[in-house]
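Fair warning: this is a prediction, and the values are worked out from it, not measured in the lab. Numbers for residues simply follow the sequence, beginning at 1.
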Amino acid sequence: MNQADNSTVIIDTGCANLSSVRYAFERICNDVIVSDDHALIKAATRVVLPGVGTAGAAMASLKDKKLVELIQGLTQPVLGVCLGMQMMTQVSKEHGGREVDCECLGLIPTDVEELDSQGQPLPHMGWNQITPSAHPLFSGIPAGSYLYFVHSYRVPLSDYTIAKCEYGETFSAAIAKDNFMGVQFHPEKSAAIGSKILSNFLALDKASLNAAIQEPKS
């Protein structure tokens, strides 16, 4: 199978319905590949890590497919979506029936714990506003933009937060470190704003992301 020079690979994790994510990208580009092939993933211009369900089951699937070390070694822009973002952290409290915390990919030094909704229903499901930072993933996205969320666990605010949201407590709506970025919301279900965020991601390659990260903050 030949790969386009500017391809985006959505990792087939084996535990996610990839249709909505794939369709969202296909609406704005024509070079999307869904695969768990190691060579294709390594060669891609950018990579998407999707996920649904529990962290424990998702990490077990990545291990079965021998994808853990491969993902940890990627140097191109990588976007984790929803559970995919949570898998980028060090540890998740979402056991999925297991008795111990779930060890994640360890790409971004933060952890996942249950969202303190302060009495509001869980999961946090529906449209909510974000406050983004000056990261290229959120270029042109104004504060107060609405995105679609479905989750009961969250990543806390930290130095790696690039967007925040409030539902009971304030939590990380997006995190990033180096070439790894993750969003807690579902851009593929978030209408024009979600599409713009995906377009921003598609505009990134190693050089442009490195240049943006190294720009001095005003």
With side chains defined as the heavy atoms from C-beta onward, is the minimum distance between [X] and [Y] less than 4.5 Å?
X      : Y      : value
Ile41  : Leu67  : yes
Glu94  : Val112 : no
Asp12  : Ser35  : no
Gln76  : Val47  : yes
Leu137 : Val183 : yes
Pro156 : Glu113 : no
Asp101 : Asp111 : no
Leu115 : Ser152 : no

(Q) Under a 3.5 Å distance rule, please check whether Gln86 uses its side chain to pair with a backbone N or O of Tyr153 as donor and acceptor. (A) yes

Q. Checking Asp178 side chain against Phe180 main chain: does a donor-acceptor pair fall under 3.5 Å?
A. no

Q: Could you walk me through whether Leu147 and Ile197 pass the side-chain contact (heavy atoms from CB on, under 4.5 Å) test, one step at a time?
A: CA-CA 10 Å; Leu147 284 301; Ile197 292 169; 4.0 Å; yes

Q: Show your reasoning for whether side-chain contact (heavy atoms from CB on, under 4.5 Å) applies to Arg46 and Leu202.
A: CA-CA 8 Å; Arg46 61 196 72 80; Leu202 289 171; 3.9 Å; yes

Say you draw a straight line from [atom1] of [X] to [atom2] of [Y]; how long is it, rounded to the nearest 0.5 Å?
X      : Y      : atom1 : atom2 : answer
Asp205 : Asn179 : CG    : CG    : 12.0 Å
Glu166 : Asn128 : CD    : CG    : 8.0 Å
Ser195 : Glu188 : OG    : CD    : 11.0 Å
Gln90  : Leu105 : CD    : CG    : 11.5 Å
His38  : Lys66  : NE2   : NZ    : 8.0 Å
Leu74  : Glu69  : CG    : CD    : 12.0 Å

(Q) Are Tyr167 and His151 an aromatic pair, judged by ring center distance below 6.0 Å? (A) no

Cluster question for you: counting only ILVMFWY and a side-chain heavy-atom cut-off of under 4.5 Å, with indirect links fine, are [X] and [Y] together?
X      : Y      : value
Val91  : Ile175 : no
Phe185 : Tyr146 : no
Met87  : Val68  : yes
Val155 : Leu157 : no
Phe138 : Ile28  : yes

Q | Verdict with supporting geometry, Val78 and Leu107, side-chain contact (heavy atoms from CB on, under 4.5 Å) | A | CA-CA 11 Å; Val78 182; Leu107 302 169; over 6 Å; no

Q: Could you check whether the rings of His124 and Phe149 sit parallel, tilted or perpendicular, using 30° and 60° as the cut-offs?
A: parallel

Is it the case that over 12 heavy atoms from other parts of the model lie below 6.0 angstrom from the [atom1] atom of [X]?
X      : atom1 : answer
Glu26  : CD    : yes
Lys65  : NZ    : yes
Gln129 : CD    : yes

What closest approach, in Å, do [X] and [Y] show between heavy atoms, and which atom pair accounts for it?
X      : Y      : value
Tyr148 : Lys189 : CB-O, 3.7 Å
His135 : Ala176 : NE2-CB, 3.8 Å
Ala24  : Leu198 : CB-CD1, 3.7 Å
Trp127 : Ser190 : CH2-CA, 3.5 Å
Phe25  : Ile10  : CD1-CD1, 4.1 Å
Asn200 : Pro136 : CB-O, 3.6 Å

Q: Begin with the C-alpha distance, continue with both residues' side-chain angles, and end with the deciding distance and a verdict on side chain to side chain donor-acceptor pair (under 3.5 Å) for Ser61 and Asp64.
A: CA-CA 5 Å; Ser61 183; Asp64 287 344; 5.7 Å; no

Q: Verify side-chain contact (heavy atoms from CB on, under 4.5 Å) between Gln184 and Cys82, making sure each step is shown before the conclusion.
A: CA-CA 4 Å; Gln184 181 62 69; Cys82 196; 3.7 Å; yes

